[in-house]
Amino acid sequence: MWSKRVLTLALALLVAGCGFHLRGTAEVPFDSVYIPGATSGIALDLKRNIQAGTRARVVEDPKEADAILQFTEETRQKEILSLTGAGRVREFQLRYRVGFRVHDGKGAEYVPPSTIQLTRDVTFNDAEILAKEQEEQLLFRDMQSDMVQQIMRRLAVAKRPQPRVE
């Protein structure tokens, strides 16, 4: 009994000593954000992450928002990487590219126009077509989740825009 307590205490000190801490709420430089078209896809995932992981509110009216997160591009591509000796596809590369910017609606930028691209390589086998299609869909979903986390990190390091002096 006593050794379990000592072991638990030792593990807690070890984890605390290495700088590990649970992911809490991210600090973003705005109190409210408007995300146009946040009803599906990456916009909906990002809306949910902002609501759950920050103190910012996601509003439905851009006039009520301190910031507007606008997607400028979202593309998914599938490109052949290699072929077999018989000319059949052996490997694909999946690409997921998202462009976005965060501004205050008055010309000032929280995050300037940015583009993030993720890639994944996938082997292909003619005998497993259905399984490979499902794998491709899962990889795109995983890439979308990674993309949301990268955008959240960029929002966390963004700075409040300075008022323009004219």
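In what follows, every heavy atom counts, from backbone to side chain, and hydrogens, waters and symmetry copies are set aside. Model, not experiment: these values are computed from the prediction.
- Residues Val28 and Val148 share a hydrophobic cluster, clusters being chains of Ile/Leu/Val/Met/Phe/Trp/Tyr side chains in contact below 4.5 Å.
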Exercise. Apply the test side chain to side chain contact (heavy atoms under 4.5 Å, CB included) to residues Ile151 and Ile42: give CA-CA distance (whole Å), side-chain angles for both, the deciding distance (0.1 Å), then the verdict.
Key: CA-CA 10 Å; Ile151 293 172; Ile42 190 168; 4.2 Å; yes
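- Counted by atom type alone, Lys47 and Thr39 present zero donor-acceptor pairs between their side chains at under 3.5 Å.
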Quiz item: So Gln134 and Leu130, side chain to side chain contact (heavy atoms under 4.5 Å, CB included) or not? Walk me through it.
Solution: CA-CA 6 Å; Gln134 288 178 340; Leu130 291 176; 5.8 Å; no
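- Under the 4.0 Å criterion applied to side-chain N and carboxylate O atoms, Glu73 and Arg97 are assigned as salt-bridge partners.
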Exercise. Let me see the working for Met152 and Leu46 under side chain to side chain contact (heavy atoms under 4.5 Å, CB included), right down to the final yes or no.
Key: CA-CA 8 Å; Met152 289 296 293; Leu46 196 55; 3.8 Å; yes
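- Looking only at distances, no side-chain donor or acceptor of Asp45 sits under 3.5 Å from a matching main-chain atom of Arg48.
- Note that CD of Glu136 and CZ of Arg141 are 11.5 Å apart. Values are rounded to the nearest 0.5 Å.
- Scanning all heavy atoms of the two residues, the minimum distance from Glu109 to Val102 falls at OE1-O, 3.5 Å.
- Residues Ile68 and Asp104 fail the side-chain proximity criterion, which asks for heavy atoms closer than 4.5 Å.
- When all heavy atoms of Met143 and Leu94 are compared, the pair lying nearest together is CE-O, 3.7 Å.
- Within the 3.5 Å criterion, the main-chain N or O of Pro112 finds a donor-acceptor partner in the side chain of Ser114.
- Nearest heavy-atom pair across Pro29 and Leu155 is CD-O, 3.4 Å.
- The closest side-chain donor-acceptor pair between Gln77 and Tyr96, if any, does not fall under 3.5 angstrom.
- No hydrogens or angles considered: a donor-acceptor pair under 3.5 Å links the side chains of Gln144 and Arg76.
- Taking CZ from Arg90 and CG from Asp126, the interatomic distance works out to 11.5 Å, rounded to the nearest 0.5 Å.
- Nearest heavy-atom pair, Ala43 versus Gly37, reported as atom, atom and distance to 0.1 Å: CB-O, 3.6 Å.
- Residues Ile129 and Leu138 do not share a hydrophobic cluster, clusters being chains of Ile/Leu/Val/Met/Phe/Trp/Tyr side chains in contact below 4.5 Å.
- Residues Phe71 and Val98 form a side-chain contact, since some pair of their non-hydrogen atoms from C-beta on lies under 4.5 Å apart.
- Rounding to the nearest 0.5 Å gives a distance of 8.5 Å between CZ of Arg153 and CD1 of Ile116.
- No side-chain heavy atom of Ile35 sits under 4.5 Å from any side-chain heavy atom of Leu44.
- Ion pairing of Arg120 with Asp146 is present here, as a side-chain N (NZ or NE/NH1/NH2) and a carboxylate O approach within less than 4.0 Å.
- What you find for Arg160 and Tyr110 is that their closest heavy atoms are NH1-OH, 3.5 Å.
- Going from atom CZ of Phe100 over to atom OG1 of Thr115 covers 8.5 Å, rounded to the nearest 0.5 Å.
- Residue Val58 is grouped with residue Leu69 when hydrophobic side chains (ILVMFWY) are merged at heavy-atom distances under 4.5 angstrom, including chains of intermediate members.
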Self-check item: Criterion side chain to side chain contact (heavy atoms under 4.5 Å, CB included) on Phe124 and Ile80, from CA distance to verdict
Solution: CA-CA 10 Å; Phe124 187 76; Ile80 296 171; over 6 Å; no
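- When every heavy atom of Asp121 is checked against every heavy atom of Glu91, the shortest pair comes out as CB-OE2, 4.3 Å.
- To the nearest 0.5 Å, atoms OG (Ser32) and CZ (Arg55) are separated by 15.5 Å.
- With salt bridges taken as basic N to acidic carboxylate O contacts below 4.0 Å, none links Asp31 and Arg57.
- With rounding to the nearest 0.5 angstrom, the CG atom of Leu118 is 10.5 Å from the OG atom of Ser145.
- Thr72 places a side-chain N or O within donor-acceptor distance of the main-chain N or O of Gly99, the cut-off being under 3.5 Å.
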